[in-house]
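Residue indices begin at 1 and follow the sequence shown.
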Amino acid sequence: MGFFGDFKASLMKGDVLSLATAVVIGGAFGKIVGSAVDDVIMPIVGLLTGGIDFTQKFVTLDGNSYADLAAAKAAGAAVITYGNLVQAIINFVIIAFFIFVVLRAAEKAKKKEEVVVAAPAGPTQEELLTQIRDLLKK
């Protein structure tokens with residue numbers, strides 16, 4: 001087989017197709033989670049925190065005071081934007097909680113779908129002893 005034949009064969013393996021499907025579905029699920037966080041949960045968090053925009057929180061390293069982050073950056077000041085870290089941590093916790101809730105619901109739905117299959121009834125001890133006795137008689 002040539003190079004392209006080997007490449008095609010490796011792409012058609014079940015593992016590669018499953019991985020590709022998982023990546024596409026994961027990307028779509030990421031958009032759903034991102035929208036839920038940005039459009040539903042973050043406005044509630046903003047309401048609870050009094051509308052604080054954490055991304056605008058910063059400390060300048062030059063000791064000067066600036067009206068906002070844009071002014072500090074325009075002046076060329078070195079700034080530590082600790083608010084971005086706070087915002088990223090809040091987003092992470094919210095996203096992790098959202099995914100936990102979705103996975104928990106999926107697990108509960110999966111448990112309901114599982115049907116317990118009864119083990120096939122085997123011969124009783126008396127039946128086995130009877131069979132052994134009959135075999136010994138022969």
Side-chain angles (χ1 to χ4, degrees):
M1 234 189 241
F3 176 78
F4 290 108
D6 290 343
F7 181 68
K8 180 181 175 185
S10 70
L11 284 181
M12 292 303 157
K13 288 182 181 176
D15 295 342
V16 174
L17 294 176
S18 296
L19 178 62
T21 303
V23 168
V24 170
I25 290 175
F29 185 71
K31 288 181 182 181
I32 292 170
V33 171
S35 176
V37 169
D38 293 339
D39 301 332
V40 177
I41 298 172
M42 285 310 290
I44 296 169
V45 171
L47 182 66
L48 294 175
T49 60
I52 296 174
D53 183 9
F54 290 106
T55 61
Q56 294 300 313
K57 301 294 182 184
F58 67 97
V59 173
T60 58
L61 298 178
D62 63 2
N64 295 329
S65 179
Y66 299 95
D68 58 7
L69 182 59
K73 286 186 176 182
V79 294
I80 296 175
T81 54
Y82 67 89
N84 289 335
L85 176 63
V86 171
Q87 186 70 40
I89 291 170
I90 291 170
N91 285 349
F92 173 77
V93 170
I94 292 170
I95 289 170
F97 178 73
F98 186 81
I99 290 174
F100 168 76
V101 169
V102 169
L103 290 177
R104 188 171 181 199
E107 284 296 320
K108 283 187 178 183
K110 188 176 181 182
K111 285 181 183 177
K112 288 180 182 178
E113 290 177 4
E114 291 177 0
V115 177
V116 177
V117 179
T124 64
Q125 186 175 5
E126 289 80 17
E127 292 172 338
L128 288 173
L129 289 173
T130 304
Q131 289 175 4
I132 292 171
R133 182 196 66 198
D134 293 344
L135 289 171
L136 288 174
K137 281 184 180 181
K138 290 182 183 178

- prompt: With side chains defined as the heavy atoms from C-beta onward, is the minimum distance between Val79 and Tyr66 less than 4.5 Å?
  reply: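 SC-SC contact between Val79 and Tyr66 ruled out.
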Single-linkage hydrophobic cluster Val102~Ile32, side-chain heavy atoms < 4.5 angstrom: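 No: no chain of side-chain contacts under 4.5 Å links Val102 to Ile32.
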- prompt: According to a 4.5 Å side-chain heavy-atom criterion applied to Ile, Leu, Val, Met, Phe, Trp and Tyr, with indirect links allowed, do Leu103 and Ile94 form part of one hydrophobic cluster?
  reply: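 Leu103 clusters together with Ile94.
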Hydrophobic cluster of [X], others only, ordered by chain and residue number, side-chain cut-off 4.5 Å:
X: Leu136; result: Ile132
X: Phe97; result: Phe100, Val101
X: Leu48; result: Ile44
X: Leu47; result: none

- request: Would you mind listing every side chain to side chain donor-acceptor pair (under 3.5 Å) that reaches into residues 129-138, with sequence neighbours excluded?
  value: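 Qualifying pairs: none.
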message: Show every side chain to side chain donor-acceptor pair (under 3.5 Å) that has at least one partner inside residues 67-83, sequence neighbours left out.
response: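 Sorted result for residues 67-83: Thr81-Asn84.
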field: Nearest non-hydrogen partners of Leu69 and Phe58, listed with the distance
entry: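 In terms of heavy atoms, the two residues are closest at N-CE2, 3.3 Å.
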Once side chain to side chain contact (heavy atoms under 4.5 Å, CB included) is applied, do any residues pair with [X], and if so which ones, sequence neighbours excluded?
X: Leu85; answer: Ile89
X: Asp39; answer: Ser35
X: Ser65; answer: none
X: Leu129; answer: Gln125

For Thr49, side-chain hydrogen bond (donor to acceptor under 3.5 Å, both in side chains) partners two or more places apart: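 Here no residue qualifies.
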message: Are more than 12 heavy atoms, taken from residues, nucleotides or ligands other than Phe92, located less than 6.0 Å from that residue's CZ atom?
response: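 For Phe92, atom CZ is not crowded (no more than 12 foreign heavy atoms under 6.0 Å).
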